[in-house]
Protein chains: 2
Amino acid sequence: MKAEIIAVGSELLTPDRLDTNSLYLTRRLNDLGIAVTRKTVVGDEREALRDAFSSSLARAELVISTGGLGPTLDDLTRETVSELLHRKLLLNESILRHIEARLSRFGRVMSENNKRQALVPEGATVLENPNGTAPGLWMESDGRVLILLPGPPAELQAIFAQHLESRLARMSGGRKLYSREMRVVGLGESEVDRRAAPIYSTYVGIETTILAAPGEIQIHLRSWSSDATATEEKLKEVVERLTLALGEHVFTITGESMEQTVSRELTRHRVTIAAAESCTGGLLAERLTRVPGSSAYFRGGVVCYSNDLKTAWADVPPELIESQGAVSAAVAQALASGIRRRTGATVGVGVTGIAGPSGGTPEKPVGLVHIALADSTSVTDRVLQLLGDRDRIRWQASQMALDMVRRYLLRLPPSIPAGPSGSQS
Amino acid sequence: MKAEIIAVGSELLTPDRLDTNSLYLTRRLNDLGIAVTRKTVVGDEREALRDAFSSSLARAELVISTGGLGPTLDDLTRETVSELLHRKLLLNESILRHIEARLSRFGRVMSENNKRQALVPEGATVLENPNGTAPGLWMESDGRVLILLPGPPAELQAIFAQHLESRLARMSGGRKLYSREMRVVGLGESEVDRRAAPIYSTYVGIETTILAAPGEIQIHLRSWSSDATATEEKLKEVVERLTLALGEHVFTITGESMEQTVSRELTRHRVTIAAAESCTGGLLAERLTRVPGSSAYFRGGVVCYSNDLKTAWADVPPELIESQGAVSAAVAQALASGIRRRTGATVGVGVTGIAGPSGGTPEKPVGLVHIALADSTSVTDRVLQLLGDRDRIRWQASQMALDMVRRYLLRLPPSIPAGPSGSQS
């Protein structure tokens, strides 16, 4: 079964915005066995919209649009599609009440414009929006299915999960997409491909894509098939062979993020953690606490830019900072040990470096980062020379710090809990 | 003048890849006074390609495609377009030599497939590719211009800069794009529109788009014009009138992020800041330190999930936590005051709340967040009931905390520095 996606919004035709919703939709549609055959981006303009919808409907059995359902006058998707399909727009009282209730929760009153979001083309099924005022709309016409979704990702995704998943599953045939995503840290793209290509190239029917993302390389394996068992087995085999070839550099074979991997392993080993950060400015703590349930392993963190706070919060000796400089292996180690002792965590992580763009010197250039990890018996550290702008350096530093924790946990005996169980809050 | 962009490549229809070349092209085209009116993504498939090119050429004076010019058999752009325009493909000896020379520099021999890249549709102008083997192609047909560019960004960008810039400048008139971006916090999309529409709708020639982004509403104003002075003045006027209508909710008229605004104002007022965070897990510190030069105003931050660390790091009295609960206005205030005193910052910010998905109760549901701001004379606080998932709640909480700082700084006398200047590191 084939689908087209139409992203509506003049802002998507500027140099500042990309239609990223289509990635989410493509993933979910592929999982249901539906291929995306075209994506179109059009502005909020009646003629262009009309043309885009009518030609997509002429080609594909399923057309999904995103955006243009807002309350403002330039939101024209609902009106244009109704005209195109010769449907009247009727005011839906239940949506109207939903909008009213939602706005009043925020202490707001419904405006005339908001009421436009309660208009429903005749014969359309309303897909309730738990995260916003504009519902999704499901319409059928001449054997085609047309689905209108709002543009904000949280709204679109909630509607898809709650209403579309099951409806679309019934429509699509037996062939489905099976996929795996492996992620690798500490190797470059060409080295990953050098090791992986001799393996993946022998598997007919599995498409392999290698993608570089900040701080990691992703290997995407995809196979369309109607034979679940055989395909799953083949994917399992290639993933195992790739894992052998790439070793500990593989941090996930399920496409999870580095912080998800680390969080899972911290929880499993009942290891608690604390962080003392300088150049990452809280990013390490933020990533460690992104994952639900992080209070089970995250004890606490400090962001200490200034030297006096490194001493006050992590007991870094002032004379050490004086002699080695704030950006040094010794200070990273002291930050790690200090924050561990202060918080009673199993392990402490210290990060200090120069994120730039200024602050670099010939001896200590922008991108120089020291990371240390301390437990009750020892402290280890790594030095990195990272490339890129401030954002990229901070991201990579946090990624390598998380990777250091991951590798530390890999060395622990799997069955013996390595520390006290997590704290409350 | 209007242009359409066609991105060719089956990988662009998977969940893993986006057409990012169109952002570069749009920026360059806009600078030349050319608007992009549609973007299409199609796979490497003859029928789909033919249809995409023929309908784009029917609508727009200029069509630019990216991708599908490679040496492999699934690269079909050149062939399909030649068929569509009824042009013969002729082998171009000079391109052939360029390819041969380039490959031999990398120690490779030209394959039969590579030779396909030397085929040129009759009447096409060859745009030499300094960074690769496939040249760009410029074709004219029925008053339309069709430009085929290779997909790799370095190749496409080099061809644009070397060959297209000047050619396209001659084609387009003197019209250029002038734009402004305002951002608003604390008002919903429809309320912003209710206040803004009576103003922007009176300005003919300025396109206005209102967009909801997490924690803010953006107003994009765009005007195509050949009269720089008049347009800049008109934009200035509409921005001023919108600012009057939206008041302090406007945090920028230059499209900067909330953290950039706050950082600039902290620096200007020489106010230093420190943060004690619970549910935001370091996100507030991370956003405050994202901006280069943040060491001038950011003193430090603590992430204290557990009650004991709230006491240890920000002097929150244990009996206060006991009586009010960790998520309460009183604890937010104590966090703000405590971290301020501990760090010697001008202002302290405290955040405590329930980010979810678990941890909520009927009295204190997921999304309940208390934020407080303390200076040397007083503490103020706000309570929020935020909606959405964990990420969204954390983001909005950090946004509202930054906004509280922004509004605090607005109240300061503009000329008198309000605190000590920033620390080093």
Side-chain angles (χ1 to χ4, degrees), chain A residues 10-11 13-15 18 20 23 26-27 30 36-43 48 55 70-74 106 108 111 113-114 131 152 154 209 211 220 222 278 281-283 285-286 289-290 292 294-295 298-307 309 326 343 356-358 390-391 423-425, chain B residues 11 13-16 18 20 23 26-27 30 36-43 48 55 188-191 193-194 197 207 209-212 220 281-283 285-286 289-290 292-295 298-307 309 326 343 356-358 387-392 423-425:
Chain A
S10 297
E11 73 281 4
L13 294 171
T14 68
L18 274 179
T20 51
L23 292 185
T26 304
R27 186 178 305 280
N30 287 178
V36 173
T37 53
R38 185 178 303 209
K39 302 199 283 190
T40 305
V41 180
V42 274
S55 46
T72 65
L73 285 174
D74 59 3
F106 294 98
R108 302 209 191 103
S111 67
N113 278 343
N114 279 122
N131 292 335
T209 318
L211 283 181
H220 295 265
R222 294 155 53 90
S278 172
L283 181 57
E286 193 270 308
T289 59
R290 249 180 226 188
S294 55
S295 54
F298 185 72
R299 287 287 296 159
V302 296
V303 182
C304 37
Y305 261 31
S306 64
N307 294 342
L309 287 179
T343 58
S358 63
R390 183 178 176 87
D391 278 353
S423 68
Q424 86 292 29
S425 157
Chain B
E11 76 280 5
L13 294 171
T14 68
D16 310 314
L18 273 180
T20 50
L23 291 186
T26 304
R27 188 177 304 279
N30 285 179
V36 174
T37 52
R38 186 179 303 211
K39 303 200 280 190
T40 306
V41 179
V42 273
S55 46
E189 185 177 2
S190 56
E191 177 59 20
D193 197 48
R194 197 187 62 77
E207 300 160 25
T209 318
I210 296 181
L211 280 181
H220 295 261
L283 181 58
E286 192 269 309
T289 60
R290 247 180 225 187
S294 55
S295 54
F298 184 71
R299 289 285 299 159
V302 295
V303 182
C304 38
Y305 260 32
S306 64
N307 294 342
L309 286 178
T343 58
S358 62
L387 296 173
D389 62 10
R390 183 178 177 88
D391 279 353
R392 206 178 154 88
S423 68
Q424 88 289 35
S425 156

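So that the names make sense, note that chain A is the first sequence line, chain B the second, and so on, each numbered from 1.
The most heavy-atom pairs under 4.5 Å with chain A, out of B:Gly301, B:Gly188, B:Ser190, B:Ala285, come from B:Gly301. Between chain B and the options A:Pro152, A:Gly70, A:Ser294, heavy-atom pairs under 4.5 Å are most frequent for A:Ser294. Among the candidates B:Gly282, B:Gly281, B:Ala48, the residue making the largest number of heavy-atom pairs closer than 4.5 Å to chain A is B:Gly281. Chosen from B:Ser55, B:Ala197, B:Gly300, B:Gly43, the residue pairing most often with chain A at heavy-atom distances under 4.5 Å is B:Gly300.
Using a 4.5 Å cut-off on side-chain heavy atoms (C-beta onward), B:Glu189 and A:Asn113 make no contact. Considering only heavy atoms from C-beta on, A:Pro15 comes within 4.5 Å of B:Asn30 through its side chain. Side-chain contact between B:Asp16 and A:Arg222: present, with at least one pair of heavy atoms (C-beta onward) separated by less than 4.5 Å.
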> How far apart are the C-alpha atoms of B:Arg194 and A:Asn114, what are their side-chain angles, what is the distance that settles it, and do they pass the side chain to side chain contact (heavy atoms under 4.5 Å, CB included) test?
Replying inline: CA-CA 10 Å; B:Arg194 197 187 62 77; A:Asn114 279 122; over 6 Å; no
>> Before you tell me yes or no, could you show the steps for B:Glu191 and A:Ser111 under side chain to side chain contact (heavy atoms under 4.5 Å, CB included), namely the whole-Å CA-CA distance, both residues' side-chain angles and the distance that decides it to 0.1 Å?
In response: CA-CA 8 Å; B:Glu191 177 59 20; A:Ser111 67; 6.0 Å; no
>> The test is side chain to side chain contact (heavy atoms under 4.5 Å, CB included); show your working for B:Thr14 and A:His220 and say whether it passes.
In response: CA-CA 10 Å; B:Thr14 68; A:His220 295 265; over 6 Å; no
>> The test is side chain to side chain contact (heavy atoms under 4.5 Å, CB included); show your working for A:Thr209 and B:Glu11 and say whether it passes.
In response: CA-CA 9 Å; A:Thr209 318; B:Glu11 76 280 5; 5.6 Å; no
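Atom CG of A:Leu309 sits about 9.0 Å away from atom CZ of B:Phe298, to the nearest 0.5 Å. Distance check, rounded to the nearest 0.5 Å: CG of A:Asp74 to CD1 of B:Ile210 gives 7.0 Å. Separating the CG atom in A:Leu18 from the OG1 atom in B:Thr20 is a distance of 7.0 Å, to the nearest 0.5 Å.
For A:Arg390, the part sitting under 4.5 Å from any heavy atom of chain B is the side chain, from C-beta outward, and nothing else. Contact of B:Leu387 with chain A is made through the side chain alone, with heavy-atom distances under 4.5 Å. Heavy atoms closer than 4.5 Å to chain A are found in the side chain of B:Arg392, but not in its backbone. In this structure, chain B has heavy atoms under 4.5 Å from both the backbone and the side chain of A:Leu13. For A:Pro292, the parts sitting under 4.5 Å from any heavy atom of chain B are the backbone and the side chain alike. Of the two parts of B:Thr37, only the backbone, made up of N, CA, C and O, holds a non-hydrogen atom closer than 4.5 Å to a non-hydrogen atom of chain A.
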